[in-house]
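Numbering starts at 1 and runs along the sequence shown.
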Amino acid sequence: TDLEAPLADGVAFKVKLEQHGFKVTIVKDATQDQFRTSWTEFKNSVTREDDVVFYFAGHGIQVDSLNYLLPRSVPGLNAGREALIAASINFHEIVEELQVRAKRTIFIIDACRDDPFGASAKSRNVLGPSRGLASLEPIYDTFVMFSAGANQQASDKLHPDSIHSAYIEHLLPLLGKAELSLVDSAKTVQTAVFTATAQ
């Protein structure tokens, strides 16, 4: 299914990072091959002196406790479990590849889906209701923020007039606030999104 907010979210996030001195590479609506090409070029440019932020907005799935981000070229669910995984981006591999290259890394993943092949899947033709991606084990000098917990609903937009997802709409104003730690920012956004979507 199509999501309306990710493109606007990515552009807004890029502008915010650039305001704080980051050099930003943005990849829009990429196929798996396009992502791999851009990812290889980007990760090879990272050094042990760099602080890196990786932001993804779009579809994601959880299969066997592993997180996969879905590029534009991903096939439909009728192609089968193995074909879908093969055409996806293994988020855990992204984390590992940056961990050994960068000084510090922050991952912000605004993508939340159930395992479409699990017993709770409601449809074999479209991605089901939004839920959080699987959690990761703590990693030194790496911080991961998900737009929803493993068993929580996520919202593409708070209301029809919004251009951003519920998560990024509440996160953007917090970026760059020196008085907030990453943990504080994550908890603040979590509370704000929960309150907004519960109304």
Quiz item: Under 30°, 30 to 60°, or over 60°: which ring-plane class applies to Trp39 and Phe42, parallel, tilted or perpendicular?
Solution: tilted
Exercise. Determine the sole option in Thr142, Asp50, Ile106, Thr105 for which the side chain to side chain contact (heavy atoms under 4.5 Å, CB included) test with Leu98 is passed.
Key: Thr105
Quiz item: In Å and rounded to the nearest 0.5 Å, what is the CZ to CD1 distance from Phe56 to Ile94?
Solution: 10.0 Å
Quiz item: Under the salt bridge (Lys or Arg N to Asp or Glu O under 4.0 Å) criterion, do Lys103 and Glu49 qualify, and how do the steps go?
Solution: CA-CA 5 Å; Lys103 182 179 179 181; Glu49 301 302 314; 5.2 Å; no
Quiz item: Is Ile26 reachable from Leu69 through a run of I, L, V, M, F, W or Y residues, each pair having side-chain heavy atoms under 4.5 Å apart?
Solution: no
Quiz item: Is there a side-chain contact between Arg101 and Lys43 (heavy atoms, below 4.5 Å)?
Solution: yes
Quiz item: Would a 4.5 Å heavy-atom cut-off, applied to side chains only, mark Ile108 and Tyr167 as touching?
Solution: yes
Quiz prompt | Set of residues satisfying ring-ring contact (aromatic ring centres under 6.0 Å, His included) with respect to Phe22, sequence neighbours excluded | solution = none
Quiz item: Any side-chain heavy-atom pair from Ile109 and Ser147 closer than 4.5 angstrom?
Solution: no
Practice problem: Check the pair Leu84, Tyr68 against side chain to side chain contact (heavy atoms under 4.5 Å, CB included), reporting the backbone distance first and the verdict last. | Solution: CA-CA 9 Å; Leu84 183 60; Tyr68 297 92; over 6 Å; no
Quiz item: Got a sec, which residues hit side-chain contact (heavy atoms from CB on, under 4.5 Å) with Val15, two or more places apart in sequence or on another chain?
Solution: Gln19
Quiz item: Transitively linked via ILVMFWY side-chain contacts under 4.5 Å: Leu182 with Leu174?
Solution: yes
Quiz item: Can you check side chain to side chain contact (heavy atoms under 4.5 Å, CB included) on Phe143 and Val53, steps first, answer last?
Solution: CA-CA 9 Å; Phe143 192 82; Val53 178; over 6 Å; no
Quiz prompt | Side-chain heavy atoms of Arg72 within contact of Phe35, under 4.5 Å | solution = no
Practice problem: Any chance you could measure Phe91, atom CZ, to Gln62, atom CD, to the nearest 0.5 Å? | Solution: 12.5 Å
Exercise. Kindly indicate whether the side chain of Asp110, heavy atoms from C-beta on, has any atom under 4.5 Å from the side chain of Tyr55.
Key: yes
Quiz item: If you look at every heavy atom in Ala12 and His164, which pair is closest and at what distance?
Solution: CB-CE1, 3.5 Å
Practice problem: Could you tell me the separation between the CG atom of Asn90 and the CD atom of Glu96, rounded to the nearest 0.5 Å? | Solution: 8.0 Å
Quiz item: Can you tell me how far CD1 of Ile61 sits from OG of Ser88, rounded to the nearest 0.5 angstrom?
Solution: 5.0 Å
Quiz item: Are the side chains of Leu7 and Lys28 in touch, meaning some heavy atoms are under 4.5 Å apart?
Solution: yes
Quiz prompt | Expected output: side-chain Ser38 to main-chain Val27 donor-acceptor under 3.5 Å | solution = no
Exercise. Go through His92 and Leu66 one step at a time and tell me if the side chain to side chain contact (heavy atoms under 4.5 Å, CB included) criterion holds.
Key: CA-CA 7 Å; His92 298 259; Leu66 292 178; 3.8 Å; yes
Self-check item: Pairwise distance CG(Asp184) to NZ(Lys177) - rounded to 0.5 angstrom
Solution: 12.0 Å
Quiz item: Do Val100 and Phe107 share a hydrophobic cluster, counting only Ile, Leu, Val, Met, Phe, Trp and Tyr and linking them when any side-chain heavy atoms are less than 4.5 Å apart?
Solution: no
Quiz item: Do you know the tightest heavy-atom contact between Arg81 and Val63?
Solution: NH2-CG1, 3.3 Å
Quiz item: What is the distance from atom NE2 of His20 to atom CG of Asp51, rounded to the nearest 0.5 Å?
Solution: 14.0 Å
Quiz prompt | Gln32 versus Ser73, closest heavy-atom pair with distance | solution = N-OG, 2.9 Å
Quiz item: Less than 4.5 Å apart, any side-chain heavy atom of Thr31 and any of Pro71?
Solution: no
Quiz item: Should Lys14 and Glu18 be marked as a salt bridge (Lys or Arg N to Asp or Glu O under 4.0 Å) after you check the CA-CA gap, both sets of side-chain angles, and the distance that decides it?
Solution: CA-CA 6 Å; Lys14 174 182 182 291; Glu18 288 176 337; 2.8 Å; yes
Self-check item: side chain to side chain contact (heavy atoms under 4.5 Å, CB included) evaluation trace for Val52 with Arg104
Solution: CA-CA 6 Å; Val52 177; Arg104 286 181 293 261; over 6 Å; no
Quiz item: Is the backbone N or O of Ala111 less than 3.5 Å from a side-chain atom of His59, with the two atoms forming a donor-acceptor pair by type?
Solution: no
Quiz item: Ignoring hydrogens and geometry, is there a side-chain-to-backbone donor-acceptor pair from Asn44 to Glu41 under 3.5 Å?
Solution: no
